[in-house]
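Okay, so here's the structure we're looking at.
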2 protein chains.
Amino acid sequence: MHVIVHGGAGGTPDEPDLRQATLDRAAETGATQSTPLDAVEEAVKVLESNERFNAGVGGAVQSDGVVRTDAGVMTSDREAGAVASMPGVEHAVSAARVVAEETPHVFVVGDHAVDLAADYGVETGVDLFTEESRERWADSDAPDGSPSEHLQWLRERFGGHDTVGAVAGDGETFAAATSTGGRWFALAGRVGDVPQLGSGFYCAPAGGASATGAGEDIAKATLSRRAVRHLEDGMDAQAAADRAMAEFGELTGSEAGLIVLDDDGAGSAFNTDGMQTSVSTR
Amino acid sequence: MHVIVHGGAGGTPDEPDLRQATLDRAAETGATQSTPLDAVEEAVKVLESNERFNAGVGGAVQSDGVVRTDAGVMTSDREAGAVASMPGVEHAVSAARVVAEETPHVFVVGDHAVDLAADYGVETGVDLFTEESRERWADSDAPDGSPSEHLQWLRERFGGHDTVGAVAGDGETFAAATSTGGRWFALAGRVGDVPQLGSGFYCAPAGGASATGAGEDIAKATLSRRAVRHLEDGMDAQAAADRAMAEFGELTGSEAGLIVLDDDGAGSAFNTDGMQTSVSTR
């Protein structure tokens with residue numbers, strides 16, 4: 001099994017070594033699994049449970065004071081599942097897998113996604129706040145009131161990005177997964193690129209991709225689909241990542257990062273100050 | 001202004017002439033507007049208000065007995081907005097436009113999207129049932145109970161498709177919009193391709209596209225983005241629609257339809273029994 005994981009594209013983190021150790025553990029955990037789908041789920045779960053990453057516990061807080069998680073997963077057989085806007089679900093990637101495996105759908109949102117996940121054994125009702133996110137939220141002086149009042153407040157604050165993701169391949173098939181707590185100070189109910197097929201994640205027989213960064217812009221550029229198309233056109237994973245990121249930069253002028261895996265190996269690219277990744281092969 | 005609209009790809013409708021007259025009126029209404037964004041919004045609103053189309057009033061009923069609407073809109077300047085899983089919103093396309101114009105986001109879901117729409121003057125709390133959909137739902141013998149019980153019930157029933165959409169261009173810029181009540185007998189909270197950028201709709205300087213059909217499969221193939229990429233590669237609108245639909249058929253073996261508009265005119269393609277469209281130019 002060949003696995004690459006990322007912990008989000010962004011600024012220079014406070015404790016890069018501790019983050020890197022967790023990413024290494026996530027990649028290694030993925031590499032011991034028996035299928036690419038198991039590999040990306042288990043790798044992402046390691047990152048969702050670690051509060052240094054904006055996914056699961058430690059996710060961003062929306063304008064009504066609630067942490068909501070989104071995730072998507074897809075295999076090269078084009079099985080796909082995604083979930084969004086779920087309060088209290090640490091392992092959003094597992095909820096996305098429930099959508100892929102247990103429903104005829106590819107996307108379920110909100111409390112219905114939470115109920116579905118719970119019905120198939122995914123833990124819900126989890127406190128996704130950390131000490132740090134609770135303090136940051138308490139200091140943010142968020143308004144009560146209508147969506148337009150929230151928007152006025154968040155317009156100067158909305159931003160940041162950090163997402164986790166993994167792509168795995170076993171020489172025959174691939175899987176890709178992405179999971180996030182979203183961006184800080186987003187309007188309640190906001191959903192970014194992560195659960196949108198072709199934007200936050202994509203997978204095809206040629207390989208898979210997982211994106212991170214300014215989600216609104218990633219969706220406008222369908223960044224993950226773009227990278228996989230470059231694989232389909234014959235590029236290797238690194239060239240596909242570089243080309244997709246160059247196109248993204250030209251189209252949007254915005255910030256993102258991308259991991260890509262094909263039969264010959266892994267590639268990654270980003271236009272932020274940093275994006276930590278880890279690769280493991282067994 | 002040049003406008004093309006569709007009323008969904010599917011079987012042979014009961015009253016094709018009445019549907020065609022409404023589609024013609026939608027296209028003509030769009031063609032009298034002053035911007036492509038106004039054109040697609042006003043054209044789609046005509047179709048959302050007509051109960052013969054599965055969007056707005058007359059939308060499909062989800063497994064908990066609620067009609068929820070989804071929509072997306074995008075311009076060639078890559079302004080984009082989408083909404084999903086909204087109870088009681090007839091003009092989902094207008095709610096999507098609120099996301100595009102009033103927020104730094106591209107996608108807002110659930111009750112939060114309803115509240116946002118209401119705050120910017122979109123009517124909410126609308127009864128989206130028609131006599132026909134109320135009867136069909138009453139006859140469907142839906143279970144109470146957990147999501148897994150709903151899934152067992154809907155597995156044999158889920159399907160059908162019908163969506164409305166429009167693409168407009170004024171010689172300088174384009175806009176595309178898609179709106180739907182989803183597919184019949186979907187799990188509560190299910191969202192399809194319609195609000196996903198690149199799947200149900202996409203727009204770029206080369207032109208725009210709006211898709212309809214089996215939404216899960218459209219999302220797996222990112223069908224609208226696929227058509228616009230073919231425009232970017234130099235195909236005309238009809239060739240781009242044909243090529244994207246051929247690829248979709250090969251990839252998924254599923255059913256869909258597509259309208260495409262570029263500077264030289266409109267194209268459409270579908271692999272179902274029928275897809276009604278209308279074109280208007282002023």
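None of the values given here were measured: they were computed from a predicted structure. By convention in this document, chain letters (A, B, ...) are assigned in the order of the sequence lines, proteins followed by strands, and residues within each chain are numbered from 1.
More than 12 heavy atoms of other shown residues, nucleotides or ligands fall within 6.0 angstrom of atom CG in B/N271. Remark: B/Q152 CD is loosely packed, at most 12 non-hydrogen atoms of other residues, nucleotides or ligands lying under 6.0 Å away.
Contacts between B/R78 and chain A at a heavy-atom distance below 4.5 Å involve backbone atoms as well as side-chain atoms. Looking at A/R183, neither its backbone nor its side chain comes within 4.5 Å of chain B, counting heavy atoms on both sides. Both the backbone and the side chain of A/R190 have a heavy atom closer than 4.5 Å to some heavy atom of chain B. Looking at A/A186, both its backbone and its side chain come within 4.5 Å of chain B, counting heavy atoms on both sides. Only the side chain of A/R155 comes within less than 4.5 Å of a heavy atom of chain B; its backbone N, CA, C and O stay farther away. Contact of A/A82 with chain B is not made at all, since no heavy-atom distance falls under 4.5 Å.
Between the side chain of A/D119 and the backbone N or O of B/S146 there is no donor-acceptor pair closer than 3.5 Å. In terms of modelled atom types and a separation under 3.5 Å, the side chain of A/Q196 and the main chain of B/L197 share a donor-acceptor contact. Using a distance-only test at 3.5 Å, with no hydrogens or angles considered, a donor-acceptor pair links the side chain of B/H105 to the main chain of A/L187.
Between A/P104 and B/L154 the shortest heavy-atom distance is CG-CD1, 3.7 Å. Nearest approach of B/K220 to A/Y202, heavy atoms of both residues: O-OH, 2.6 Å. B/H112 and A/D64 make their closest contact through CE1-OD2, 3.6 Å (heavy atoms, listed as atom of the first residue, atom of the second, distance). Between A/A188 and B/V108, the closest heavy-atom pair is O-CG1, 4.1 Å.
Per-residue counts of heavy-atom pairs under 4.5 Å with chain A were compared for B/A80, B/G198, B/G110, B/A219; the largest is that of B/A219. In terms of heavy-atom pairs under 4.5 Å with chain A, the best-connected choice from B/E79, B/M74, B/R226 is B/R226. Of the residues considered (B/V99, B/D193, B/T222), B/T222 shows the highest number of contacts with chain A, using heavy-atom pairs under 4.5 Å. Chain B forms more heavy-atom pairs under 4.5 Å with one residue of A/D217, A/L251, A/D111 than with any other, namely A/L251.
Residues B/L151 and A/Y120 are in side-chain contact: their nearest non-hydrogen atoms beyond the backbone lie under 4.5 Å apart.
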